[in-house]
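One-based numbering, in listed order, for ligands and for the atoms of each. For reference, positions follow the sequence shown, starting with 1.
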Amino acid sequence: MSDAQPHPALDAILERMSAAAGDRPRAHLLAVSKTQSAEAIARVAEALRARQADGPLAFGENYVQETLAKQPALGGLGIEWHLIGHLQSNKAREAAAAFDWVQTVDRLKLVEALARHRAPEQAPLNVLIQVNIDDETSKHGCRPEEVDALAAAIVNQPQLALRGLMAIPAPDPDMDRRRTAFRRMRVLFDALAARHSGIDTLSMGMSEDYALAIAEGATMVRIGSALFGARGPKTASTDVPETP
Ligand SMILES: *Cc1c(COP(=O)(O)O)cnc(C)c1O
């Protein structure tokens, strides 16, 4: 691949993604950069650019404040920013301004807040509906039967562009159960795509299970530790719990 920007971890991931896709187009890689420094992000962005001449350099962050702190140092690289952490409604204004995508839309209140705060001069904010596909212990993500109503609300908002679905299946050591969760997401995704235009993104699969997710139809995988190495401690402690 590129001699100028050696990055064996990235090469291994891209190869495995291609193999998992078989004849289908390779899924998109979202580099999950939470807790990583701006320097580490720039290194991966440059290595990625050397391997894909066009297409966005997509990076995922979990915390609004942490992202705002890093963005000024990364302005010239053409990074597309995805919010993949739970979003409190009181952070919707900052998120709507700072991100290109929000992958964690899971309730009507958030749809309305993001639409209200996305500036008309900005391109519409790309959104994914986060589905709580199998994890009863998680409070985040809507139930599968709520997808339709949320989708209808999103497509009514000109400041938002509905692109698809996102899930974080429970980290079950049994890969067959994870496969079942990915399959159920694929069924929901196909149903959504049949009802709405512009649906092209099924975001599922992380460092441990991205090949499985791609085999089951993921179009975007979110990879952190396999790309950057193990994470240090969380750097942003400024996000406060949402007050109801
Ligand atoms: C941290 C995170 C990832 C990446 O996890 P890894 O196991 O490090 O690849 C993906 N998606 C979400 C929502 C995350 O919070």
Could you pull out the N/O contacts under 3.5 angstrom between ligand 1 and the surrounding protein atoms?
| residue | atom | partner | partner atom | Å |
| --- | --- | --- | --- | --- |
| ligand 1 | 8 (O) | Ser225 | N | 2.8 |
| ligand 1 | 8 (O) | Ser225 | OG | 2.9 |
| ligand 1 | 8 (O) | Arg231 | NH1 | 2.7 |
| ligand 1 | 8 (O) | Arg231 | NH2 | 3.3 |
| ligand 1 | 9 (O) | Ser207 | N | 3.0 |
| ligand 1 | 9 (O) | Ser207 | OG | 2.5 |
| ligand 1 | 9 (O) | Gly224 | N | 2.8 |
| ligand 1 | 11 (N) | Arg222 | NE | 2.9 |
| ligand 1 | 15 (O) | Lys34 | NZ | 2.7 |
| ligand 1 | 15 (O) | Asn62 | ND2 | 2.8 |

Enumerate, atom names and distances included, each donor-acceptor pair closer than 3.5 Å involving a side-chain atom of residues 119-130, sequence neighbours excluded.
| residue | atom | partner | partner atom | Å |
| --- | --- | --- | --- | --- |
| Gln122 | NE2 | Ala97 | O | 3.2 |
| Asn126 | OD1 | Arg163 | NH1 | 2.9 |
| Asn126 | ND2 | Asp100 | O | 3.2 |

Compare all side-chain heavy atoms of Leu48 with those of Gln5 and state whether any distance is below 4.5 angstrom.
no

Please determine if Glu216 and Arg183 form a salt bridge, counting it only when a charged side-chain N lies under 4.0 Å from a carboxylate O.
yes

With Glu39, which residues qualify under salt bridge (charged side-chain N to carboxylate O under 4.0 Å, His left out), at least two apart?
none

With sequence neighbours excluded, tell me which residues meet salt bridge (charged side-chain N to carboxylate O under 4.0 Å, His left out) with Glu146.
Arg143

Gln88-His86 side chain donor-acceptor pair, cut-off 3.5 Å:
no

